[in-house]
Amino acid sequence: MAEESVKVAVRVRPFNKRERQRNAKLIIDMKGPNSYIQDPENPNEEPRSFAFDYSYWSHDGCKDDGNGYYGKDTSHPNGKKFADQRTVYDDLGKGVLKNAWEGFNSTLFAYGQTGSGKSWSMVGYGVNKGIVPLFCDEIFQGIDKKKADGEALEFEVEFSMLEIYNEQVRDLLNPKSSKRGGLKVRQHPKKGFYADGLTFAPVNSYKQIEEQMEEGTTNRTVAATNMNATSSRAHTIVGIKFVQKYKNAAGEDTSKTAICNLVDLAGSERADSTGATGDRLKEGAAINQSLSSLGNVISALADKANGKNVRVPFRDSVLTKLLKNALGGNSKTVMIAAVSPADINYDESLSTLRYADRAKQIKTSVKVNEDPTEKLIRELNEENERLKQMLASGGIDMSKASDVGDEDTTGMSDEEIAALKKEMEEDFKAQMSENANEMEEMKKSYEEKLKAFQEGHVPVVSETNEKKKTTPHIYNLNFDPQLSGRIVYFTELPENKIGSKKGDPSDIVLAGPSIQEQHAVIFNEGGKFAIERGNSSGRLLRNGEPVSSKTELCNNDRLMFGTTQLMVFVNPKEAGSSDTEVSYEMAQEEIASNSGFDMNTENKSRDDMLLQEDLMEVLPAIEEANSISEELDKKLKFDAIVVSPEARGDIKGRSEVMIKVTNIETEIEWVWPRTKFFNRKYVMQEMYENYAEGEDWQLPAEKDPFEEDPNAETHIGSVKAWLKSLSYQIEMDEQLEITDFKGTEVGLLNFEIRPCDKKGKEYTEADDIFVDDPKALVGRDVYFNVKITKALGLPKKFTDVYAKFLMYVDDEPTCTKKIADTTNPEFNFKKQFSFAPATKQLVSYLEDSAIMIQIWGKQKPSKVKKNLNTKQTLHKLSEAKGQSSAANTNVKTVDPAKAKFMMEVAMLKKKQEKLEHKMAHMRKMVQIAEDHNKQRISLKLIKEIMNSQMIKMRGDDDDGGRGGSGKSDKSKACVLL
Ligand SMILES: Nc1ncnc2c1ncn2[C@@H]1O[C@H](COP(=O)(O)OP(=O)(O)OP(=O)(O)O)[C@@H](O)[C@H]1O
């Protein structure tokens with residue numbers, strides 16, 4: 001066994017079209033194996049630097065070689081450092097190939113945010129072939145060479161392709177086999193985790209691998225098109241099993257087996273400030289569970305490599321189970337981290353670089369998988385005997401190393417160990433039959449297996465490519481450019497009927513929620529094309545606008561059928577070289593801007609751009625969720641809303657897209673963070689798929705993504721209170737507006753902050769604790785009481801209302817008690833805060849910050865139950881607006897212009913508040929000055945009187961009525977004062 005470090009490479013891609021349009025700034029640089037990233041918010045700071053095995057500059061410095069291949073442009077200043085596909089393959093893929101020949105397992109995985117270039121490196125596009133096709137090509141070149149050289153070797157190559165989506169494993173070569181819950185991931189005592197029942201297709205040429213990959217990718221596309229935006233959330237694992245058979249020195253039949261896993265990970269998601277925390281469906285629907293578990297596993301392995309004794313949580317997700325061998329066992333592992341070059345993606349790129357940095361610390365132990373066949377069969381037999389005996393004699397003994405293998409139970413609770421034991425026993429039972437099958441297969445010849453597979457499997461070879469050049473058609477657009485253009489329907493008939501499979505026999509059958517039986521018709525009138533809605537209200541958009549009557553269709557028109565089927569119409573006769581390329585982003589952008597969202601990219605701040613990206617992702621998903629809700633009669637309506645940090649009750653952050661959820665029957669409303677919505681949408685999709693397949697689709701309330709926890713609390717609104725007055729030790733006693741997420745006033749809050757002494761006794765004016773300059777507070781003991789007396793005029797539908805806020809560096813919020821059934825809850829809350837002594841940081845916090853007091857409560861269902869079903873209600877709404885139901889469902893409550901306006905108003909209010917505080921402060925100062933003055937004046941008067949008395953007395957004594965000297969003495973008295 002040799003110990004090996006994980007090899008880590010980083011690659012930066014060119015700017016994409018959107019980034020160029022937005023004049024994105026380049027924030028990545030590379031020199032030799034090092035990568036650098038510049039924080040765009042702090043351009044004067046030193047860039048952060050990271051050292052890797054390789055840093056690949058693929059941003060600029062390249063040119064098309066005339067066949068579409070991007071190679072080095074030696075005339076460009078960065079031409080020398082440009083890394084093309086071949087360079088990356090030579091460094092990374094060739095090593096994997098060499099491992100395979102030597103009988104080592106290898107894993108190559110690509111990590112990075114969506115659209116950062118993972119697929120480009122792994123699979124490639126067109127002639128710019130990535131690692132997987134180059135690897136497959138070369139493995140067969142090697143085999144052919146060995147055969148030509150007459151070496152006494154036999155070879156077997158098997159290909160598998162699976163997708164992990166929402167913790168389910170789908171066999172991409174045989175998707176039907178993995179319906180309902182996907183393939184089970186089991187554990188083999190020797191081989192580790194594997195997907196039970198996964199197809200391993202025997203292949204004997206590169207062309208056959210290409211065909212298998214085509215088939216697998218087309219299967220992915222079909223699933224991703226029927227349901228929205230799934231592709232970037234799925235992990236794809238291509239497996240290549242390479243067996244070399246030969247006779248060893250003793251003349252025995254021996255084989256060397258290498259398994260290569262090529263893993264294209266799902267896009268690492270942008271972290272939300274408002275996560276799905278607290279959602280009870282979090283566990284069941286964790287779409288990114290695999291990715292976050294991978295992060296935890298990598299961290300734990302890195303800690304382990306640094307000598308720490310930690311448990312590595314491989315069992316936490318399907319992905320980490322399947323990659324256990326790659327990361328913690330017998331495999332040589334390579335990670336390629338893809339980063340975007342643009343400033344807008346700084347946070348994601350930095351986190352990718354950090355992730356990669358952790359990964360490079362991992363070490364794996366590798367050995368050649370060499371075994372004589374007889375020995376393997378004998379071992380499998382022995383293994384089965386051992387398993388049989390173990391299970392017969394009361395199951396696994398968790399304390400016996402021979403029973404638990406390398407299973408690590410450190411730090412597990414008794415319940416966790418019991419659950420693990422149960423799972424392992426189940427795996428072992430399945431294993432026995434798997435072992436038996438394997439023995440059977442070993443005895444069968446490979447040729448036989450190959451023949452059987454090929455007979456049962458006719459790969460879908462794209463014969464349509466030629467026809468596409470001359471025949472009018474529509475093709476699919478997908479979020480993942482790899483999957484666009486893979487589904488093609490020809491539209492050469494005079495009338496091409498489009499609808500669901502339930503309808504009249506349609507010429508083009510589409511699936512997915514909201515596809516109607518007779519959804520639309522494309523007419524071909526002597527080479528002129530038009531589209532018309534079928535006799536239903538199904539959503540149909542052309543170039544982002546609803547089609548209400550028969551409309552002409554032109555080359556490159558974008559069509560949206562229902563909520564997920566986004567297509568492009570092609571009329572080859574009209575096609576010209578000046579046609580602009582149609583992309584998924586462009587099609588979604590025009591839909592969003594037609595629904596009233598500002599998608600203009602000019603002069604946008606980074607926050608605005610991030611908001612637009614979020615909207616692009618959320619809007620199609622909202623459409624889909626609404627159509628599923630409608631179809632399943634779930635009574636929920638979803639709307640995208642743009643919510644400023646203030647409106648969310650956050651002190652900082654950017655405006656975010658959130659999802660307003662309305663129960664149309666009870667009129668209860670919630671606002672979900674994006675992550676919670678997406679997590680739940682995956683379960684909705686699953687429900688819908690089961691429904692569409694005619695299977696049992698209902699879920700118990702606690703697992704139903706359309707059910708909100710009846711005890712869930714709603715964020716009613718927030719109040720922002722600036723603390724500046726406190727920094728002058730001036731009390732604050734105000735009635736402040738409570739505003740909800742829309743910026744609407746929903747009530748008032750009586751709020752006070754009063755400086756006090758250590759014991760809580762509040763100071764009065766007479767105590768004169770006012771400071772001219774807040775800095776004077778540094779080092780002094782500062783105490784104050786926060787009082788929340790009551791709220792007024794809250795909406796009637798809330799009960800159990802309370803207020804909460806975070807002060808300074810508190811981790812836990814301070815909460816008032818809960819008050820039931822009143823619109824004017826009296827909290828009578830008082831809490832003393834002590835800062836003894838006050839630090840510089842605290843004082844600047846008081847000077848410049850505010851606290852957000854959030855008001856929370858439970859919603860009472862509305863008394864009048866509406867006896868409408870979802871469909872009726874949504875239709876009613878759309879009739880009122882004269883639009884189709886689905887097209888209407890993303891009508892937002894707050895459009896960005898309004899949100900911006902509201903933000904500006906909030907800013908003005910903030911300024912006004914500040915000014916008011918300043919004014920109050922000034923007033924106070926004036927008052928104090930006046931008081932002082934009054935005192936002075938009275939003192940002056942007293943003195944004057946005294947003086948005049950004295951003068952009088954003196955005058956009386958000295959000169960008796962000399963006016964002139966009296967005057968001069970009076971002015972002397974004034975000078976004295
Ligand atoms: N090195 C590169 N040179 C040229 N274009 C590139 C390069 N890397 C990526 N691209 C382009 O950037 C876009 C996004 O790349 P890609 O599809 O590989 O991203 P991804 O990380 O796999 O995204 P997803 O997570 O959605 O699958 C594609 O249009 C691709 O053509």
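In listed order, ligands and their atoms are each counted from 1. All values below come from the heavy atoms of this structure, side chains included, with hydrogens, waters and symmetry mates left out.
Here the shortest heavy-atom distance to atom 24 (P) of ligand 1, taken over G115, G130, G126, belongs to G115. Proximity annotation for atom 6 (C) of ligand 1: of W57, W120, Y111, W120 comes nearest, heavy atoms only.
Short contacts between ligand 1 and T114, defined as distances under 4.0 Å to a heavy atom of the residue, involve ligand atoms 23 (O), 25 (O), 26 (O). Less than 4.0 angstrom separates some heavy atom of R13 from each of these atoms of ligand 1: 7 (C), 8 (N), 9 (C), 12 (O). In the vicinity of Q113, heavy-atom distances shorter than 4.0 Å reach the ligand 1 atoms 21 (O).
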Kindly determine whether E138 and K94 satisfy side-chain contact (heavy atoms from CB on, under 4.5 Å), including the steps that lead there.
CA-CA 9 Å; E138 291 202 353; K94 271 225 151 79; 3.7 Å; yes

May I have the step-by-step check of side-chain hydrogen bond (donor to acceptor under 3.5 Å, both in side chains) for D264 and S119, ending in yes or no?
CA-CA 7 Å; D264 197 351; S119 309; 3.2 Å; yes

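Residue Y125 has at least one N or O atom closer than 3.5 Å to an N or O atom of ligand 1. No N or O atom of A266 sits closer than 3.5 Å to an N or O atom of ligand 1. Taking distance alone, with nitrogen or oxygen atoms compared against 3.5 Å, S58 stays at or beyond that limit from ligand 1. Polar contact with ligand 1: present for K118 (N/O pair, distance under 3.5 Å). Geometrically, ligand 1 and Y70 share no nitrogen or oxygen pair separated by less than 3.5 Å.
A side-chain donor-acceptor contact under 3.5 Å links S58 and R11. At a cut-off of 3.5 Å, with distance as the only test, a side-chain donor of D171 or T199 sits close to an acceptor on the other residue. When only modelled atom types and interatomic distance are considered, Q168 and E163 share no side-chain donor-acceptor pair under 3.5 Å.
In this pair, F479 and Y584 present their aromatic rings perpendicular. The plane angle is above 60°, beyond the 30 to 60° band.
Looking at S121 against ligand 1, nothing comes within 4.0 Å, counting heavy atoms.
Shown here is K72, whose NZ atom has more than 12 heavy atoms of other residues, nucleotides or ligands within 6.0 Å.
Contact annotation: the side chain of V339 never approaches that of S116 to less than 4.5 Å [non-hydrogen atoms, C-beta and beyond].
Taking a 4.0 Å cut-off on heavy atoms, G112 fails to register as neighbouring ligand 1.
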